[in-house]
Amino acid sequence: MLDLSPLGLIEAPFSLSPDPRYFYVSLQHKATLAKATYAIEQRQGLSVIFGDVGVGKTTIARRLYQVYRDRADYHTAYIPTPLFPSDFQFLKSICAEFNLSPKRSKLLQLAAFEEFLIKAFRDDKNVLLIIDEAQGLIGPQFELIRQLLNFETNTQKLIQIVLIGQNELRNKLRLKRALASRVATRSTLEPLHFEDTRSMINFRVMVAGRQESLFTEAALIRIYNYSRGMPRDICVICLNILPIAILNKVLIVDEPLVEQVIEELR
Ligand SMILES: Nc1ncnc2c1ncn2[C@@H]1O[C@H](COP(=O)(O)OP(=O)(O)O)[C@@H](O)[C@H]1O
Ligand SMILES: [Mg+2]
């Protein structure tokens with residue numbers, strides 16, 4: 001393990017795993033979470049969140065999951081990659097996430113799931129299903145989601161579903177008009193502005209144990225220009241900078257050092 005203490009860091013600030021402690025909440029993240037949360041808590045059924053690769057979708061998905069997983073008045077399930085050969089397999093896997101046993105046919109499985117939803121409703125519990133990488137869903141699986149959303153009272157859905165996916169999901173949904181018309185809230189995550197890029201980097205450095213900035217302003221601008229505000233690219237470049245900074249015994253990272261690392265990444 002690389003000793004980060006010369007930089008005043010207690011742990012690695014730019015890990016690529018989605019540790020919720022390192023989640024920087026910008027205005028855009030607040031708005032996205034608020035919209036999804038509103039739809040979930042008002043039991044409005046379907047929310048969607050779009051965004052390019054590396055923009056922070058899974059980070060948001062896991063944040064939502066973390067919030068509701070621990071609530072006693074929620075049954076919450078999270079499907080990270082819905083790659084199923086059929087809608088029946090998809091349904092079985094959803095049921096398994098809610099601890100329902102597998103049934104022999106799709107019809108029986110649907111009946112069991114409806115029973116579960118009705119019981120949850122009677123027990124004053126909300127049911128939440130979060131599906132990441134939802135652009136991987138195929139036709140009949142979208143149709144299944146529509147069927148699930150049909151379980152409802154006069155005013156509320158019995159299940160809340162958040163679909164999170166790359167922009168391809170937008171195109172797929174467009175073709176599923178019956179489902180698209182049921183979307184209660186939608187958000188698109190955009191790459192960060194420069195100010196948010198700087199704040200996210202400083203935030204992560206601070207969580208990792210260092211109070212003062214690790215980068216000069218010019219270095220931050222270069223990181224922003226290189227990453228164009230994409231959180232994954234920001235993390236990858238910063239991750240690569242750390243060992244070079246330690247090797248060169250610098251206490252603050254300047255622009256030439258960033259440039260050197262960018263050259264090596266090409
Ligand atoms: N709001 C954020 N705060 C801190 N780090 C973030 C944020 N959004 C994304 N990241 C980081 O960027 C990387 C990519 O994020 P991820 O959620 O996996 O993107 P996506 O699912 O859209 O491809 C991860 O390493 C994650 O830690
Ligand atoms: Mg992801």
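Please read all numbers here as calculations on a predicted model, not as lab measurements. Along the sequence shown, residues are numbered consecutively beginning with 1. One-based numbering, in listed order, for ligands and for the atoms of each.
Salt bridge status for Glu152 with Arg182: absent, with no side-chain N to carboxylate O gap under 4.0 Å. The existence of a salt bridge linking Lys106 and Asp87 is confirmed by a sub-4.0 Å separation between a basic side-chain nitrogen and an acidic carboxylate oxygen.
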Walk me through whether Leu128 and Asn126 qualify under side chain to side chain contact (heavy atoms under 4.5 Å, CB included). CA-CA 7 Å; Leu128 171 61; Asn126 201 347; 5.9 Å; no

Give the intermediate values and the outcome of side chain to side chain contact (heavy atoms under 4.5 Å, CB included) for residues Lys57 and Gln166. CA-CA 8 Å; Lys57 297 181 303 299; Gln166 293 163 24; 4.1 Å; yes

Stepwise side chain to side chain contact (heavy atoms under 4.5 Å, CB included) check, Phe98 with Val127: CA-CA 9 Å; Phe98 289 109; Val127 177; 3.6 Å; yes

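Among protein heavy atoms, atom 27 (O) of ligand 1 sits closest to Arg204 NH1, 3.4 Å. Annotation: atom 10 (N) of ligand 1 to nearest protein heavy atom, Pro231 CB, 3.6 Å. Protein heavy atom in closest approach to atom 4 (C) of ligand 1: Tyr22 O, 3.0 Å. From the protein, the heavy atom lying nearest to atom 1 (N) of ligand 1 is Tyr24 O, 2.7 Å.
The ring pair (Phe, Tyr, Trp, His ring centres under 6.0 Å) contacts involving residues 172-202 comprise Phe194-Tyr224, where partners must be two or more places apart or lie in separate chains. Within the structure, no pair that satisfies the ring pair (Phe, Tyr, Trp, His ring centres under 6.0 Å) test touches residues 132-180, not counting sequence neighbours.
With a 4.0 Å cut-off on non-hydrogen atoms, Phe203 does not touch ligand 1 at all.
Not a single N or O atom of Cys235, backbone or side chain, sits closer than 3.5 Å to an N or O atom of ligand 1. Residue contacts with ligand 1: Phe23 is placed with no nitrogen or oxygen under 3.5 Å of a nitrogen or oxygen of the ligand (distance criterion only).
Among residues two or more places apart in sequence or in another chain, the side-chain hydrogen bond (donor to acceptor under 3.5 Å, both in side chains) test is passed with Asn99 by none.
The closest side-chain donor-acceptor pair between Gln160 and Tyr68, if any, does not fall under 3.5 angstrom. Between the side chains of Ser17 and Asp19, no donor-acceptor pair is found at a separation under 3.5 Å. A donor-acceptor contact closer than 3.5 angstrom is absent between the side chains of Gln141 and Glu143. No side-chain donor from either of His29 and Thr32 sits under 3.5 Å from a side-chain acceptor of the other.
Ranked by closest heavy atom to atom 13 (C) of ligand 1, the top entry among Met200, Gln28, Arg232 is Arg232. For atom 19 (O) of ligand 1, the nearest non-hydrogen atom from the set Gly56, Ser15, Ser17 belongs to Gly56. The heavy atom nearest to atom 17 (O) of ligand 1, considering only Thr59, Leu189, Ile49, is found in Thr59. Of the candidates Ile164, Thr58, Val236, Val55, the one placing a heavy atom closest to atom 21 (O) of ligand 1 is Thr58.
The CD1 atom of Ile246 lies 4.5 Å from the CG atom of Leu4; values are rounded to the nearest 0.5 Å.
The closest approach between any non-hydrogen atom of Met230 and ligand 1 is not below 4.0 Å. The closest approach between any non-hydrogen atom of Gly54 and ligand 1 is below 4.0 Å. Contact annotation: Asp52 has at least one heavy atom less than 4.0 Å from an atom of ligand 1.
Under a 4.0 Å criterion applied to the non-hydrogen atoms of Leu16, ligand 1 contributes the atoms 24 (C), 25 (O).
Listed by chain and residue number, the protein N/O/S atoms under 2.8 Å of the Mg ion (ligand 2) are Thr58 OG1, with waters left out.
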